Participant: 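Here's a structure for you.
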Amino acid sequence: MVAIRAYREGLASGDMALARRSLAVLEQAGVAPPDAAVLAFADALAAGDRDRAGRALESLGEGPLDFLQPVLAAWLAVDAGDAATALGLQDEEGDALDRRYASENHALILLATGRTAEGLAAVRAQLGALDPDPQFRMAAASLLAGRGKRDAAQTLLAGEDPVVSLYRARLGRGAKGNARFGASRFLVRVARDLASGETAPLAITLARSALILDRGYDRARIELADALLSEGAGPKARMALAGVSPDSPFAREARGAEIAVLAQDGQEDAAIQAATALSASKGASGEDARLLGDLLAEQARFAEAATAYHTAIEREGEPADWTLLLKQGAALEQAGRWSDAVAVLQQAVQIAPAEPLALNYLGYAQVERGENLPAATAMLEQAHRLAPEDPNIADSLGWAYYRQGSPARALPLLEQAARAENVSGTVQEHVGDVLWRLGRRYEARYAWSAAQLDADEAMAVRLTDKLARGLSAVEGRGA
């Protein structure tokens with residue numbers, strides 16, 4: 001138990017000597033964690049020991065992280081000059097994410113092995129997919145530049161993305177298409193997908209292993225910091241980010257990550273001040289303004305948050321991102337600017353008519369105000385069809401039925417919402433109101449009592465009146 005904790009601490013803090021000593025103890029006891037094979041692979045490859053790296057991959061293929069093995073084995077085959085094995089990576093097995101990893105790396109291996117025309121076609125096919133990863137573009141461009149194809153590399157890096165633009169300006173001679181390059185990019189790609197929740201420790205191992213393979217890859221430091229932040233290790237995340245050079249193409253992303261560390265550490269004012277400076281700086285992106293808006297919204301500074309989201313929308317250009325429109329509309333509503341908010345929320349729904357979150361927000365906000373009830377209810381019905389298990393949407397639709405005089409129709413939906421984990425006081429209050437209307441007054445008071453556990457000041461006053469005198473006591477005050 002001491003050894004596994006020391007192993008994780010060594011990885012988190014960057015004390016790799018401690019991590020390796022602890023791992024030796026775990027291996028001797030036969031209880032090494034599955035991600036130890038990733039670290040062993042990185043150590044072996046960095047030392048130029050392909051045989052030992054191959055043995056580490058055999059071990060990796062026998063455990064729960066076997067999905068990493070095919071891509072890493074393919075890059076190892078590149079170093080061995082075995083192009084046939086390396087290019088045999090592309091297959092149709094595994095889930096969608098496995099196939100995405102395989103197809104991305106297949107395209108990069110084509111470039112690394114000098115099959116430029118095929119590689120470019122494969123890269124463009126990947127970039128045509130939804131939500132392309134800019135890191136993939138940069139990796140492909142670096143390989144092209146390393147092969148002397150600078151014009152093709154520059155074309156691949158075209159666009160207004162500030163990170164990509166800076167990478168284009170500093171492309172230099174590109175990269176050698178070897179296993180250390182490919183494996184480090186792949187490990188960071190996976191770490192990005194695993195950097196939160198229960199998988200954060202694995203993401204830390206992957207990012208540390210990537211840095212063993214390429215000390216200069218600052219993107220690995222940012223993913224490492226994200227995973228550490230998810231673990232609540234703010235000081236360690238700050239240490240990881242300190243290694244990002246101010247001249248790095250990833251320096252702006254690192255500043256954004258540092259702001260997230262400040263916010264998690266409870267330094268909200270400092271975080272907002274830093275985010276304001278970042279968003280106002282030369283070359284600031286829509287993502288910088290979005291970060292500022294999120295921080296302001298968390299501190300209930302909704303009018304300022306709405307302005308920041310508007311800036312983000314303008315910077316990102318057309319077509320507008322419906323999630324930004326939703327955030328801006330929500331901030332405007334919370335700021336008391338409903339006439340402005342409804343127009344923005346309607347735009348979000350027009351752009352994303354099949355997104356239940358957008359439908360739910362606009363529909364519920366109108367129901368609460370008694371506006372446009374038939375159309376608002378239709379929106380909520382559509383949201384419920386799209387996300388039938390979402391308790392918030394069930395609550396919204398049930399409340400819409402209640403507000404239109406159908407408490408019996410509302411109750412099953414509200415009870416569904418009330419069965420969810422971490423149910424809000426608002427849902428419990430809604431349940432109580434409906435039960436009262438149906439004549440089930442003892443149960444109504446029980447629901448209102450439960451709602452008091454999660455009530456703000458205004459709700460608490462309202463619930464106290466309801467418990468004392470029933471629903472009629474507050475009907476004229478927004479019950």
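Model, not experiment: these values are computed from the prediction.
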Participant: Within 45 degrees of the axis of the six-membered ring of Y217 and under 6.0 Å from its centre: does R185 put its NZ or CZ there?
Facilitator: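 Verdict for Y217: a cation-pi partner in R185.
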
Participant: Can we say D43 and R52 salt-bridge, meaning some charged N sits less than 4.0 Å from an Asp/Glu carboxylate O?
Facilitator: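 A salt bridge is absent here (no side-chain N lies under 4.0 Å from a carboxylate O).
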
Participant: Would you call the rings of F181 and W75 parallel, tilted or perpendicular, where under 30° means parallel and over 60° means perpendicular?
Facilitator: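 F181 vs W75 ring planes: perpendicular.
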
Participant: List the atom of P33, the atom of I4, and the distance in Å for their closest heavy-atom pair.
Facilitator: CG-CD1, 3.9 Å

Participant: Please check: side-chain N/O of R315 versus main-chain N/O of S285, any donor-acceptor pairing under 3.5 Å?
Facilitator: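 Checking the backbone N and O of S285 against the side chain of R315, a donor-acceptor pair under 3.5 Å is found.
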
Participant: Just wondering, more than 12 heavy atoms not from D456 lying within 6.0 Å of its CG?
Facilitator: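 It does: D456 CG has more than 12 such atoms within range.
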
Participant: Got L325 and Q328 here, is their nearest side-chain heavy-atom distance under 4.5 Å?
Facilitator: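 L325 reaches Q328 side chain to side chain.
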
Participant: When you measure from the side chain of S142 to the backbone N and O of A175, does any donor-acceptor pair fall under 3.5 Å?
Facilitator: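 Confirmed, S142 side chain pairs with A175 backbone.
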
Participant: Which atom pair, heavy atoms only, marks the closest approach of L166 to P249?
Facilitator: CD2-CA, 3.5 Å

Participant: One thing to verify: whether R290 and D294 come together as a salt bridge, which I'm taking to mean a side-chain N less than 4.0 angstrom from a carboxylate O.
Facilitator: no

Participant: Show the nearest heavy-atom pair for residues V261 and G234, with the distance to one decimal.
Facilitator: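 So the minimum-distance heavy-atom pair works out to CG1-O, 3.6 Å.
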
Participant: For D79 and A179, indicate whether the former's side chain and the latter's backbone hold a donor-acceptor pair under 3.5 Å.
Facilitator: yes

Participant: One thing to verify: whether E223 and R219 come together as a salt bridge, which I'm taking to mean a side-chain N less than 4.0 angstrom from a carboxylate O.
Facilitator: yes

Participant: Does G293 offer a backbone N or O that forms a donor-acceptor pair with the side chain of Y309 under 3.5 Å?
Facilitator: yes

Participant: Kindly say whether E253 contributes a backbone atom to a donor-acceptor pair with the side chain of E287 at under 3.5 angstrom?
Facilitator: no

Participant: For residues 111-120, run the donor-acceptor check on the side chains, cut-off 3.5 Å, and write out each pair with its distance to 0.1 Å, sequence neighbours left out.
Facilitator:
unit_1: T113; atom_1: OG1; unit_2: I109; atom_2: O; d: 2.7
unit_1: T113; atom_1: OG1; unit_2: L110; atom_2: O; d: 3.2
unit_1: R115; atom_1: NE; unit_2: E118; atom_2: OE2; d: 3.0
unit_1: R115; atom_1: NH2; unit_2: E118; atom_2: OE1; d: 3.1
unit_1: R115; atom_1: NH2; unit_2: E118; atom_2: OE2; d: 3.1

Participant: Whether the side chain of T311 engages the backbone of T307 through a donor-acceptor N/O pair (distance < 3.5 Å, no angle test) should be reported.
Facilitator: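 Yes.
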
Participant: Anything under 3.5 Å between a donor and an acceptor, one on a side chain of residues 350-358, the other on a protein residue two or more places apart or in another chain? List them.
Facilitator:
none

Participant: Taking the basic N atoms (NZ, or NE/NH1/NH2) and the acidic carboxylate oxygens, is any pair closer than 4.0 Å for E58 and R55?
Facilitator: no

Participant: Where is the tightest heavy-atom contact between A275 and L295, given as atom of each residue plus distance?
Facilitator: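 Shortest heavy-atom contact: CB-CD1, 3.6 Å.
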
Participant: Go through the side-chain N and O atoms of R137 and Q126 and say whether any donor and acceptor fall under 3.5 Å apart.
Facilitator: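 The answer is no; no qualifying pair exists.
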
Participant: Is E9 salt-bridged to K236, going by a charged N under 4.0 Å from an acidic O?
Facilitator: yes

Participant: Can you see which heavy atom on V344 is nearest to which on G329, and at what distance?
Facilitator: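 Smallest interatomic distance, heavy atoms only, reads CG1-N, 3.7 Å.
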
Participant: Kindly compute the distance separating OG (S209) from CE (M16), expressed to the nearest 0.5 Å.
Facilitator: 6.5 Å

Participant: Kindly list each side-chain donor-acceptor pair under 3.5 angstrom involving residues 199-208, sequence neighbours excluded, with atom names and distances?
Facilitator:
unit_1: T199; atom_1: OG1; unit_2: L194; atom_2: O; d: 2.7
unit_1: T199; atom_1: OG1; unit_2: S196; atom_2: O; d: 3.1
unit_1: T205; atom_1: OG1; unit_2: R8; atom_2: NH1; d: 3.4
unit_1: T205; atom_1: OG1; unit_2: D35; atom_2: OD2; d: 2.6
unit_1: T205; atom_1: OG1; unit_2: P201; atom_2: O; d: 3.2
unit_1: R208; atom_1: NE; unit_2: L11; atom_2: O; d: 2.5
unit_1: R208; atom_1: NH2; unit_2: L11; atom_2: O; d: 3.4
unit_1: R208; atom_1: NH2; unit_2: A12; atom_2: O; d: 3.0

Participant: Walk me through whether R255 and E258 qualify under salt bridge (charged side-chain N to carboxylate O under 4.0 Å, His left out).
Facilitator: CA-CA 5 Å; R255 288 178 64 191; E258 289 168 358; 5.8 Å; no

Participant: Where is the tightest heavy-atom contact between A107 and F136, given as atom of each residue plus distance?
Facilitator: CB-CZ, 4.2 Å

